[in-house]
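Reading through the structure tokens given below for one structure.
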Amino acid sequence: MITDMKKYLASGRDGNFFLLAGPCVIEGEDMALDIAEKVLRVTEKLGIPYVFKGSYRKANRSRIDSFTGIGDEKALKILDKVRRTLGVPVVTDIHLPEEAEMAAEYVDVLQIPAFLCRQTDLLVAAAHTGKFVNIKKGQFLAPGAMAYAVAKVRESGNDNVAVTERGTTFGYQDLIVDMRGFPEMKEACGCPVIIDATHSLQQPNQASGVTGGMPQMISTVAMSSIAAGADGVFIETHQNPAVAKSDGANMLPLSRIESLLSGLTIMRKAYLDAQH
């Protein structure tokens, strides 16, 4: 089990970035372990610190009939099995303050969804668990404004925090990533900055009530973000995104994870070399 997440995330070979990756939502034990095992095999080869990602429940859905999960306890136990079986830390989203303590029993990182990044009670509850807290930047916030969300965690006694860029609202049905935001957030927040390379390509608010996406641009956004100084990469991936029960429209096929991570490792080295 990982006891020091801050040290672990900074342990990449030759200063490599860290990775948060997995399915949008836990659909079952076999799929979760299969994804985690395959990603871990690649990250170990490339020297990338890996955190398995999976939501135990999806609370932010467009339609009431959208899939939300297989049951909180069942999904959380699967996350715990991944971390114990493979020895990798895991991250999941929480949506209400009372969920923080419950989820913290099973995971290593608590993630705050973008729409909830200003919710003080939620941030404080996450901080009080002592777990590492990853705060996604709201689509409505300037990069520098994330300093206030980070301060809520730190002033609650927890310095284990990171922030994630996941796109800014650009019209009604599109998002855009401003690369200037990475150095700005680093300076303002003083913590690791992550790119969510899949959610930042969502096309929300579709008339069908199902979010669209542009997965063909994942490499472009991820590469550009590493070049702009991102410390970590967040990717949702699935064996077959076409049949995924949530966010399949912008997930990366698991079969493409190795080629993408190999390219990002080269880009990260070029970025670090340019800093010297």
> Passes side chain to side chain contact (heavy atoms under 4.5 Å, CB included), Leu264 versus Met223? Steps please.
Replying inline: CA-CA 6 Å; Leu264 293 177; Met223 287 281 192; 3.8 Å; yes
> Has Glu187 got more than 12 heavy atoms of other residues, nucleotides or ligands less than 6.0 Å from its CD?
Replying inline: no
> Is Leu272 reachable from Phe17 through a run of I, L, V, M, F, W or Y residues, each pair having side-chain heavy atoms under 4.5 Å apart?
Replying inline: no
>> Check for me whether Lys136 meets the cation-pi criterion with Phe234, that is, NZ or CZ under 6.0 Å from the six-membered ring centre and within 45 degrees of the ring axis.
In response: yes
> Do other residues, nucleotides or ligands put more than 12 heavy atoms under 6.0 Å from the OH atom of Tyr271?
Replying inline: yes
>> Quick one, Phe170 with Leu175, criterion side chain to side chain contact (heavy atoms under 4.5 Å, CB included). Give me CA distance, side-chain angles, the key distance, then yes/no.
In response: CA-CA 5 Å; Phe170 189 67; Leu175 301 169; 5.7 Å; no
> Between the side chain of Asn160 and the main-chain N/O of Val133, is any donor-acceptor distance below 3.5 Å?
Replying inline: no
>> Quick one, Val88 and Val51 - any side-chain contact, counting heavy atoms below 4.5 Å?
In response: no
> What are the two closest non-hydrogen atoms of Ala21 and Val39, and how far apart are they?
Replying inline: CB-CG1, 4.5 Å
> Lys81 versus Leu79: any side-chain heavy-atom pair under 4.5 Å?
Replying inline: no
>> With a 4.5 Å cut-off on side-chain heavy atoms, are Asp14 and Lys269 touching?
In response: no
> Just wondering, are more than 12 heavy atoms of other shown residues or ligands nearer than 6.0 Å to NZ in Lys186?
Replying inline: yes
> For atom CG of Asp273, is the number of surrounding heavy atoms from other residues, nucleotides or ligands below 6.0 Å larger than 12?
Replying inline: yes
> Would a distance-only check, ignoring hydrogens and angles, find a side-chain to backbone donor-acceptor pair under 3.5 Å from Ser259 to Arg256?
Replying inline: yes
>> If I compare all heavy atoms of Ala228 with all of Pro183, which pair ends up nearest, and what's the gap?
In response: O-CD, 3.7 Å
>> If we ignore hydrogens and angles and just use 3.5 Å, is the side chain of Tyr106 paired with the main-chain N or O of Ile78 as donor and acceptor?
In response: no
> For the side chain of Thr43 and the backbone of Leu40, is there at least one donor-acceptor N/O pair under 3.5 Å apart?
Replying inline: yes
> Does some side-chain heavy atom of Asp93 sit less than 4.5 Å from a side-chain heavy atom of Tyr56?
Replying inline: no
>> Does Arg154, at its CZ atom, have more than 12 non-hydrogen atoms belonging to other residues, nucleotides or ligands within less than 6.0 Å?
In response: yes
>> If the condition is salt bridge (Lys or Arg N to Asp or Glu O under 4.0 Å), which residues does Glu101 pass it with, not counting sequence neighbours?
In response: none
>> Looking at Gln239, I want to see if its CD is surrounded by more than 12 non-hydrogen atoms of other residues, nucleotides or ligands under 6.0 Å.
In response: yes
>> Has Lys152 got a side-chain atom pairing as donor or acceptor with Arg118's backbone, closer than 3.5 angstrom?
In response: yes
> Are Tyr148 and Val193 grouped together when hydrophobic residues (ILVMFWY) are joined by side-chain heavy atoms under 4.5 angstrom apart?
Replying inline: no
>> Would Glu165 and Lys137 count as a salt bridge (Lys or Arg N to Asp or Glu O under 4.0 Å) here? Give the steps.
In response: CA-CA 5 Å; Glu165 168 64 58; Lys137 181 178 76 64; 3.6 Å; yes
> So, does Arg268 use its side chain to make a donor-acceptor pair with the main chain of Ala230 at under 3.5 Å?
Replying inline: yes
> Does Thr237 use its side chain to pair, donor to acceptor, with the backbone of Leu252 at less than 3.5 Å?
Replying inline: yes
>> What verdict does the salt bridge (Lys or Arg N to Asp or Glu O under 4.0 Å) test give for Asp80 and Lys77, after you've listed the backbone C-alpha separation in whole Å, the side-chain angles of each residue and the deciding distance to 0.1 Å?
In response: CA-CA 5 Å; Asp80 189 48; Lys77 285 183 175 179; over 6 Å; no
>> Distance check, rounded to the nearest 0.5 Å: Ile235 atom CD1 versus Thr198 atom OG1?
In response: 7.0 Å
>> I want to check something: taking the side chain as every heavy atom from C-beta on, are Val90 and Lys53 in contact at a cut-off of under 4.5 Å?
In response: no
> What are the two closest non-hydrogen atoms of Pro89 and Ile2, and how far apart are they?
Replying inline: CD-CG1, 3.7 Å
> What residues, two or more places apart in sequence or in another chain, satisfy salt bridge (Lys or Arg N to Asp or Glu O under 4.0 Å) together with Glu99?
Replying inline: Arg57
> Could you give the distance from NE2 (His95) to OG (Ser55), rounded to the nearest 0.5 Å?
Replying inline: 6.0 Å
>> Within the supplied structure, the quantity of interest is the number of heavy atoms (other residues, nucleotides, ligands) at a distance under 6.0 Å from Glu155 CD; does it exceed 12?
In response: no
> Within a strict 4.5 Å, meaning less than it, do heavy atoms of the Asp178 and Thr168 side chains meet?
Replying inline: no
> Near Phe140 CZ, under 6.0 Å, is it more than 12 heavy atoms from other residues, nucleotides or ligands?
Replying inline: yes
>> Please report the interatomic distance CG(Asn134) to OG1(Thr164), rounded to the nearest 0.5 Å.
In response: 3.5 Å
> Would Ile94 and Ile112 satisfy side chain to side chain contact (heavy atoms under 4.5 Å, CB included), going step by step from the backbone distance to the final call?
Replying inline: CA-CA 6 Å; Ile94 57 172; Ile112 309 300; 4.0 Å; yes
> Distance from Leu96 atom CG to Gln119 atom CD, nearest 0.5 Å?
Replying inline: 9.5 Å
>> For Lys6, run the salt bridge (Lys or Arg N to Asp or Glu O under 4.0 Å) check against Asp108, Asp159, Asp231 and tell me which one passes.
In response: Asp159
> Hey, mind stepping through Glu37 and Arg41 against salt bridge (Lys or Arg N to Asp or Glu O under 4.0 Å) and telling me if it holds?
Replying inline: CA-CA 6 Å; Glu37 287 171 351; Arg41 196 176 305 134; 5.2 Å; no
> Any donor-acceptor pair under 3.5 Å linking the side chain of Ser156 with the backbone of His128?
Replying inline: no
>> Against Val233, only a single residue in Ile226, Ile194, Leu20 fulfils side-chain contact (heavy atoms from CB on, under 4.5 Å); can you say which?
In response: Ile226
> Can you hop from Ile176 to Val163 via hydrophobic side chains spaced under 4.5 Å?
Replying inline: no
> Please walk me through it: do His238 and Leu254 pass side chain to side chain contact (heavy atoms under 4.5 Å, CB included)?
Replying inline: CA-CA 5 Å; His238 192 280; Leu254 186 59; over 6 Å; no
> Is the backbone N or O of Ile195 less than 3.5 Å from a side-chain atom of Arg166, with the two atoms forming a donor-acceptor pair by type?
Replying inline: no
>> Using the ring-ring contact (aromatic ring centres under 6.0 Å, His included) criterion, which residues pair with Phe132? Sequence neighbours excluded.
In response: none
> Between the main-chain N or O of Ala126 and the side-chain N or O of Lys131, is there a donor-acceptor pair closer than 3.5 Å?
Replying inline: no
> SG of Cys191 to CG of Leu9: how many Å apart, nearest 0.5 Å?
Replying inline: 11.0 Å
